[in-house]
J.: 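Before anything else, here's the structure in question.
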Amino acid sequence: MLEIRNLHAGVDGVEILNGVNLSVNAGEVHAIMGPNGSGKSTLAQVLAGHPTYEITQGTVSFEGQDLLEMGPDERAIAGLFLAFQYPVEIRGITNGYFLQSAMNSIRKARGQEELDTLDFAELLEEKLKEIGWDDSLIHRAVNEGFSGGEKKRNEILQLAVLEPKLAVLDETDSGLDIDAVRSVAEAVNRFRSDERAFVVVTHYQRILDYLTPDHVHVLSKGQVAKSGGKELALELEAKGYDWLREEAPVG
Amino acid sequence: MDRNDDPSASAAIDQHVQQPYKYGWSTDIESDLAPRGLNEDIIRLISEKKNEPEWMLEWRLKAFERWLTMKEPSWANIRYDPIDYQAIHYYAAPKQQKKLESLDEVDPKLIETFEKLGIPLEEQKRLTGVAVDAVFDSVSVATTFKAELAKHGVIFLPISEAIVEHPELVEKYLGSVVPRTDNFFAALNSAVFTDGSFVFVPKGVRCPLELSTYFRINATSTGQFERTLIVAEEGSHVSYLEGCSAPMRDENQLHAAVVELVALDDAQIKYSTIQNWYPGDETGSGGIYNFVTKRGRCAGRNSKISWTQVETGSAITWKYPSCMLEGDNSVGEFYSVAVTNNHQQADTGTKMVHMGKDTKSTIISKGISAGRSQNTYRGQVKIMKGAENARNYSQCDSMLIGDQCGAHTFPYIDVRNSTAIMEHEATTSKVGEDQIFYCQQRGLSEEDAVSLIVNGFCKEVFRELPMEFAVEATRLLGVSLEGSVG
Ligand SMILES: Nc1ncnc2c1ncn2[C@@H]1O[C@H](COP(=O)(O)OP(=O)(O)OP(=O)(O)O)[C@@H](O)[C@H]1O
Ligand SMILES: [Mg+2]
């Protein structure tokens with residue numbers, strides 16, 4: 001589904017990613033771990049098409065399409081979703097309206113019929129019921145005055161509504177209380193399917209206990225320094241990252 | 001990390017705000033034009049064209065006399081080349097037969113003009129519940145739903161007709177809110193005003209329709225000097241909306257209007273403006289100079305006047321809709337969105353003067369600046385000695401798009417009664433690349449993202465607009481806000 005080859009990217013001539021390789025197949029859950037500043041968020045933002053980052057080398061294909069040639073909205077329409085590490089506030093626009101606009105924009109681009117306010121409200125109610133959350137965030141302005149945890153949950157709610165093929169979660173578990181981590185993980189699990197893949201950036205084992213990733217990667221200095229199964233995360237939890245610094249990068 | 005200063009990002013954002021002016025075409029119609037320049041003879045000519053009674057002419061001449069002794073104000077935070085008042089035509093009217101009995105007699109070109117502007121004049125085509133007066137250059141060309149309104153005793157007429165048909169009402173209230181000598185532009189308007197609307201809502205009547213006037217400047221080198229007077233008697237309610245546009249011309253044209261509102265005991269007037277005069281081109285050439293005096297008198301107890309404005313056009317806007325809160329427990333409100341782009345300059349705000357006891361005022365101002373424009377909010381809140389327990393809430397928010405524009409806020413507060421409670425809040429924000437990216441990541445186009453962000457910013461004002469016009473306002477900013485209010 002996603003094929004990243006030798007990806008180099010940076011800002012103002014400073015390289016942040018230097019040669020990332022990663023393949024994600026439909027149905028898989030990948031965890032990406034790594035020290036602060038190793039480039040995890042940069043990778044996530046580059047995949048989503050943030051204009052700040054310059055791609056200097058490498059290729060990324062998503063469902064056979066050249067992802068790097070597509071604008072950020074086109075990537076969303078193609079089924080790529082990013083749950084932001086720092087979700088952005090939009091004043092005066094309710095969460096519900098924002099989601100409806102986003103969904104209709106995607107539907108329109110895919111040649112599907114747009115949903116009117118009533119149909120959308122129905123769909124939203126269904127989704128909320130499915131993940132067992134109340135509608136208290138729906139009528140508030142997008143992320144405005146939300147607590148850190150509410151912002152993260154809101155990202156997952158958007159994911160649930162937009163039903164992407166590939167979801168990249170950038171530290172969605174950071175700042176969540178213990179119950180909220182479980183609740184977010186359960187929501188993610190509910191949307192797992194053979195057609196859908198997840199890339200989960202995290203510092204903590206806790207969320208991985210619920211998600212049981214198929215693959216775990218360690219990003220270090222802009223490269224995938226080590227890959228393994230779910231045991232790798234446990235090993236990292238016990239040993240930290242230092243021991244990896246001596247090993248040569250893979251790929 | 002602040003990425004907002006990235007010049008390429010702001011250039012991309014600017015592009016979306018810079019939509020071409022859609023109302024810039026002109027109508028090819030022969031007009032009856034007064035010679036250029038201003039003197040007593042021109043004023044007599046205007047008065048004669050309008051078949052005015054003698055007192056009206058006297059009134060104009062007195063205003064003119066005073067105007068000659070007055071100086072153009074220069075204190076606003078705006079700059080422009082001096083206006084040559086002798087180079088302007090003070091009267092321009094589409095040539096047509098004297099008196100129109102029905103819409104069938106209106107020149108089809110005029111009907112077409114207003115249709116093109118989205119203002120159909122045939123009653124059956126109108127938005128239900130909206131009566132329209134259409135003013136083309138110096139004259140009113142059609143007023144719809146007159147009969148329907150008359151059933152309720154509501155008078156809605158071009159002011160020139162009202163002067164002839166209801167002289168006692170006009171004479172009683174004209175200049176009672178904005179005196180002839182109030183300021184330079186008000187004096188000029190009093191001398192040469194040509195058309196505008198007159199509204200009278202009798203005691204206890206809730207006006208069954210939205211009233212609206214659409215102003216169109218067409219002829220070259222003309223000024224538009226309209227005068228609007230709205231009187232709401234005891235316990236009556238009325239909602240009035242004005243819209244404006246003009247062709248694209250490379251000269252600057254002057255629009256100096258006066259609007260007077262009078263609300264008696266328990267009366268409510270809601271006055272909304274969607275101003276979309278031609279703003280000039282990207283280089284700052286051409287555009288309308290919009291110098292307007294708008295003032296409402298809450299003369300009665302429990303009366304309420306509320307101004308809502310969406311200002312997107314004009315090269316220069318100079319305008320401060322005000323409320324004189326004379327009646328005890330009266331309420332004044334001001335909701336404003338002012339958008340400036342390219343070289344536009346807007347100096348706008350409000351004045352709330354609290355005189356009665358327990359008077360309340362609310363000011364919500366949203367300034368959006370893009371390009372190299374300058375957007376200034378100037379507000380004055382004055383609490384007079386006798387105004388026990390007066391309250392004011394002011395909120396002034398500025399949004400910057402790009403980094404070459406400016407936003408300025410000047411609140412003036414003058415409190416002479418210690419029981420007053422005043423609250424003031426001000427914010428400045430930028431449309432950031434990260435906000436746009438966030439929206440795009442959810443599937444919205446860049447253009448829709450900017451519109452969404454700007455509309456969200458203006459929401460507190462848009463929700464004050466009558467339903468039919470909220471749509472027009474959001475469209476003016478390039479998007480539909482349907483469904484987001486809640
Ligand atoms: N837009 C930018 N401008 C300048 N430097 C940047 C930018 N984005 C990322 N960087 C730098 O690139 C490096 C990687 O940052 P990134 O946010 O990708 O790290 P991360 O792995 O997500 O870290 P964390 O675990 O703390 O979230 C850091 O040194 C960061 O300062
Ligand atoms: Mg990060």
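Here is how names work: the chains are called A, B, and so on, in the same order as the sequence lines, proteins then strands, and each is numbered from 1. This is a predicted model, so every value here is computed, not measured.
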J.: Listed by chain and number, what are the side chain to side chain contact (heavy atoms under 4.5 Å, CB included) partners of A:Y86, not counting sequence neighbours?
T.: none

J.: What part of A:R75 gets within 4.5 angstrom of chain B, counting heavy atoms only: side chain, backbone, both, or neither?
T.: neither

J.: Can you list everything that forms a ring pair (Phe, Tyr, Trp, His ring centres under 6.0 Å) with B:F437? Sequence neighbours excluded, please.
T.: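 B:F437 satisfies ring pair (Phe, Tyr, Trp, His ring centres under 6.0 Å) with A:H50, A:F84 once adjacent residues are dropped.
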
J.: Mind ranking A:S101, A:A78, A:S105 by heavy-atom pairs under 4.5 Å with chain B and telling me who comes out on top?
T.: A:S105

J.: Side chain, backbone, both or neither: which part of A:P87 has a heavy atom under 4.5 Å from chain B?
T.: both

J.: Any ion pair linking B:K366 and B:E460 (charged N to carboxylate O, less than 4.0 Å)?
T.: yes

J.: Chain B heavy atoms under 4.5 Å from A:E89: which part of the residue, side chain, backbone, both or neither?
T.: backbone

J.: At a 4.5 Å cut-off on heavy atoms, which part of A:L162 comes close to chain B: side chain, backbone, both, or neither?
T.: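 When you check distances to chain B, only side chain atoms of A:L162 fall under 4.5 Å.
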
J.: Under 4.5 Å from any heavy atom of chain B, what part of A:N95 do you find: side chain, backbone, both or neither?
T.: neither

J.: Considering only NZ, NE, NH1 and NH2 on the basic side and carboxylate oxygens on the acidic side, decide whether A:E155 and B:R442 come within less than 4.0 Å.
T.: yes

J.: Can you tell which part of A:F98 gets under 4.5 Å to a heavy atom of chain B, answering side chain, backbone, both or neither?
T.: side chain

J.: For the aromatic rings, using the six-membered ring if either is Trp, is the centroid distance between B:W307 and B:F334 under 6.0 Å?
T.: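 Between B:W307 and B:F334, the centre distance exceeds or equals 6.0 Å.
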
J.: Show your reasoning for whether side chain to side chain contact (heavy atoms under 4.5 Å, CB included) applies to A:I4 and A:L43.
T.: CA-CA 10 Å; A:I4 304 173; A:L43 176 61; 4.2 Å; yes

